[in-house]
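For ligands, and for the atoms within them, numbers begin at 1 and follow the listed sequence. All heavy atoms count here, side chains included; hydrogens, waters and symmetry mates do not. Residue numbers count from 1 along this sequence.
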Amino acid sequence: MSLGEFDLINRYFDRPPRRATLGIGDDCALFSVDPGMQIATSCDMLVEGRHFLSTVAPERLGHKALAVNLSDLAACGAEPLAFTLALALPRADEAFLDGFSRGLLALADAHGCELIGGDTTQGPLNICISVFGQVPTVGINDASTDLGALLRSGARAGDDLYVSGTLGDARLALEVFRGMLSLDGRDFDAARMAMELPQPRVALGLALRGVASSAIDVSDGLLGDLRHILQRSGVDGVVEVDAVPRSAVLRKQSLALQRLCTLSGGDDYELLFTAAPDRAARVAAAAASAGVAVSRIGRIVPRPESAAGPRAELFDAEGRPVVHGHASFDHFRA
Ligand code: ADP
Ligand code: MG
């Protein structure tokens, strides 16, 4: 390595701490949360060939590595504070590090989330970020308030089911990379942007605190992630499949491909959440304040006593049942 480990950290990652008491350079970083708040933390790893393709521009890779972590904070209604970065690099490639750190730190700055530490080693390209946010300490196991963290477990029969943004474009781009279909240049750029530059819905997550009854971010595919809500909440779901919002680019494809991409695509990083029907106006206000479109795509129904596990019933716009055989993404089954 021409560039040593510590030169690399200094040059690309070390910046003066802002909110943190102590950032990069000591054995530990130090930071605190505001009074009445607790830490929300999550960790996501990105492995080349599994979570991203070698064709991705380093700047976009830096963005996405943090975006997927911020998306977890968004799903909990947590305000981003700080993150750490564990990085394995085949070599100290300055062009890569320059782009990667630029994309990473631009998104970090946009969300006021500072890089406070990490670890750097030589090895196959692997990026692991731990993110820290804050949410009010109230809420969990406290029926008198719902102003705390958004959880997967709060959906109740009768709630409406919503999703933010549009789904399916990341999967559409993946199908192109896999050689399964081709798109014209402009459509491909748009789909590729959804795959490589997802926008974590942090502002929406914050605005939904005290409004949504449950939430999750869509990373493995809508139906698979819905299943997590249904499982943890002990309820079932009904989804109107063609009400799931999709981009103009995806709408040009066959209905079968649209459904595959929106229902099982994954890598969307939109928020899937539930709210009681009498909160519909507050959901709309939260969406407007966050500047993100939100669509109602179904509802939550009681789970029959005899049911072995959660079930999501799928219908088309005419109320006819839809059969959808594609599971969501599972790293050990894919
Ligand atoms: P230690 O051996 O005590 O774990 P290191 O020598 O690995 O510390 O790292 C020195 C400092 O640089 C630490 O403060 C660590 O948090 C920080 N650091 C290392 N790698 C990164 C990275 N990729 N991004 C940000 N900070 C890093
Ligand atoms: Mg170390």
Original post:
Which atoms of ligand 1 have any heavy atom of Asp119 under 4.0 Å away?
Top reply: 7 (O), 19 (C), 20 (N), 21 (C), 23 (N)

Original post:
Where does Asp14 meet ligand 1, judged by heavy-atom distances below 4.0 Å: at the side chain, the backbone, both, or neither?
Top reply: neither

Original post:
Taking both backbone and side-chain atoms of Gly118, is any N or O found less than 3.5 Å from an N or O belonging to ligand 1?
Top reply: yes

Original post:
Between Thr120 and ligand 1, which part of the residue brings a heavy atom under 4.0 Å of the ligand: side chain, backbone, both or neither?
Top reply: both

**OP:** State plainly whether the residues Arg11 and Glu94 are in salt-bridge range, i.e. N to O under 4.0 Å.
**Re:** yes

Original post:
Counting N and O atoms only, with roles assigned by atom type, does the side chain of Arg303 sit under 3.5 Å from a partner on the main chain of Val235, one being a donor and the other an acceptor?
Top reply: yes

Tell me which donor-acceptor pairs under 3.5 Å the side chains of residues 26-36 have, and how far apart each pair is, sequence neighbours excluded?
unit_1, atom_1, unit_2, atom_2, d
Asp34, OD1, Arg19, NH2, 2.9
Asp34, OD2, Gln134, NE2, 2.9

Original post:
Against heavy atoms of Asp26, which atoms of ligand 1 measure under 4.0 Å?
Top reply: 13 (C), 14 (O)

Subject >> For Asp27, atoms of ligand 1 separated by under 4.0 Å from a heavy atom >> reply: 3 (O)

Original post:
Sequence neighbours excluded, which residues qualify as side-chain contact (heavy atoms from CB on, under 4.5 Å) partners of Asp242?
Top reply: Arg246, Leu255, Arg259, Asp316

Subject >> Ile24-ligand 1 polar pair, N/O distance under 3.5 Å >> reply: no

Original post:
Does the Arg209 side chain pair with the main chain of Gly77, one donor and one acceptor, at a distance under 3.5 Å?
Top reply: yes

Original post:
Salt bridge check: are Glu196 and Lys64 linked by an N-O gap of less than 4.0 Å?
Top reply: no

Original post:
For ligand 1, which atoms, with element, lie under 4.0 Å from some heavy atom of Phe6?
Top reply: 6 (O)

